[in-house]
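From a predicted model like this one, the values you see are computed outputs, not experimental measurements. All values below were derived from every heavy atom in this structure, side-chain atoms included, with hydrogens, water molecules and symmetry-related copies excluded.
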Amino acid sequence: MKKLFNLAIAAVCGLCCLGMGSCAEEDFTPTIFDTNEYPLDKTSYTFPLDTFIKKNFLEKYNMRFIYKMEDIGSDLQKNLVPCSYEKSCELAVLAKYLWYDVYEKCAGEVFLKKYSPRIIHVIGSPSYNPASGTETLGYAEGGLKISLMNANHMSIYNIEDLNEKFFKTMHHEFSHILHQTIEYPQDFRLISRSLYNPISWQETADSIAVSQGFVSDYASSADREDWVETIANYIVKDSITWNQMLNTAEYDWERVSVSKKVWDTYNALVNIGVANRDSVGYIDQKNPEASSGTDGQYNIQRKLIQRDGNDNAEVDADGNIIYLKTSGINGREVILRKLEMATQWLSEQFGVNLEDLRMEVQKRQWMTNPDGSFKFDDRGRFINRLTTETEDGKIFMEQLLEEVWKYKSLQQ
């Protein structure tokens, strides 16, 4: 049987050999690669995960899930380390549960076999970019490979962080693969054409980005990133978070710097109910000085409102803060317009219903009632399905991992 991950090459050539006018047919081989299939090592500690990967990814989708980091396949300019075996097991079962199984259910097995990446490469450490002060969460290469970073710090107890660092990244990079196959609409590039900032996008506060019509600061870096960020964020964000973002996008925002002393004074007024957070602002945690607690300047973001000469908020006759709108942009409308274009493109070009895809992801990561509605805790928050105890006394994540552990019985 041919090895599943086989790259075949067809060669037509003329070879001039000394004393020969042509080559015999048997001199040619269909591939330069070793096509023998080698059995997994049953004595290896990693045999259960290796078997799970082979059966669920390699045999089914012709996709390699590489967790034993390959230097040649990573950024040699970075100081990177492999992912631990335990975290590799978690990420492998979650990749199946929250990504492959979702796309197979909503788009079909044929779709995945056709468009799925051929390689997912997992790296344990983060990948920092000192020059820009950013962190690379993942990247796609040529529509064939997705690399995921920082897997050693993955936690199933924080769905938002899990999505931000891994599954939003997977949807993001897979959307790149899809638009590299069929280009997204040219009209999309025109919506925010004058606002893209490829050089210093990381300096854009989140609230300002969404008010300009971007679902994230990174979306404001280029139209292609805007496109995939719109899709990926919509899939993984719960309805509360998504709607809060849209509400933020309806206002104009500004970013200002204040001293630690001024910020502490502002914050105290808010805490005792004297000041409104909209008039004071929200601390920008991207500012190193703000997060370190020094006496330096704090960058804060706040809604654009009418202020008097002392920088205090002015109110109307009913006592309501007067919000200003000077940009001429309704971020909410822009985001929804972009989402509509992405939804239509996925449906027409790939037969994928984005709403169904999103809802399937949401129901797999949050607890639901028998009628399909979502459960909330006593503080009105969604309940993490992965860490919820099941009838057998285990948390749901442990049930997923049983798909790996069951192969331990085959070990020698």
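- Heavy atoms of other residues, nucleotides or ligands lying less than 6.0 angstrom from CZ of Arg364 number more than 12.
- For Lys168 and Glu229, the salt-bridge test passes: some basic side-chain N is under 4.0 Å from an acidic carboxylate O.
- One finds a salt bridge joining Glu90 and Lys87 here, because a Lys/Arg side-chain nitrogen approaches an Asp/Glu carboxylate oxygen to under 4.0 Å.
- Within 6.0 Å of atom OH in Tyr157, 12 or fewer heavy atoms from other residues, nucleotides or ligands are found, so the atom counts as exposed in its surroundings.
- Between His176 and His179, the two ring planes are perpendicular [angle over 60°; tilted spans 30° to 60°].
- Just one residue in the list Arg302, Lys303, Lys325 forms a salt bridge (Lys or Arg N to Asp or Glu O under 4.0 Å) with Asp252, and that residue is Lys325.
- Annotation: Gln344, atom CD; neighbour count of heavy atoms from other residues, nucleotides and ligands within 6.0 Å does not exceed 12.
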Exercise. Going through the checks in order, is the side chain to side chain contact (heavy atoms under 4.5 Å, CB included) test met by Val122 and Ile66?
Worked result: CA-CA 6 Å; Val122 180; Ile66 302 174; over 6 Å; no
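- Note: Trp253 and Tyr282 have tilted aromatic rings, judged against thresholds of 30 and 60 degrees for the angle between ring planes.
- Ionic pairing of Glu402 and Lys406 is not present here: no N-O contact between side-chain nitrogen and carboxylate oxygen is shorter than 4.0 angstrom.
- Taking a 6.0 Å sphere around CD of Glu183, one finds it holds more than 12 heavy atoms contributed by other residues, nucleotides or ligands.
- The distance between the ring centers of Tyr184 and Trp345 does not fall below 6.0 angstrom.
- With sequence neighbours left out, the side chain to side chain contact (heavy atoms under 4.5 Å, CB included) criterion links Val110 to no other residue.
- Ile329 pairs by the side chain to side chain contact (heavy atoms under 4.5 Å, CB included) definition with Leu195, Ser327, Val334, not counting sequence neighbours.
- Ionic pairing of Asp161 and Lys165 is present here: one or more N-O contacts between side-chain nitrogen and carboxylate oxygen are shorter than 4.0 angstrom.
- Under the 30°/60° scheme for interplanar angles, the aromatic rings of Trp99 and Phe174 are found to stand perpendicular.
- Ring orientation note: the planes of Phe188 and Trp227 are nearly perpendicular, at an angle over 60° on the 30°/60° scale.
- Classified by interplanar angle (parallel below 30°, tilted 30° to 60°, perpendicular above 60°), the ring pair Tyr196/Phe214 is tilted.
- Residue Arg337 qualifies as open at atom CZ: its count of foreign heavy atoms under 6.0 Å is 12 or below.
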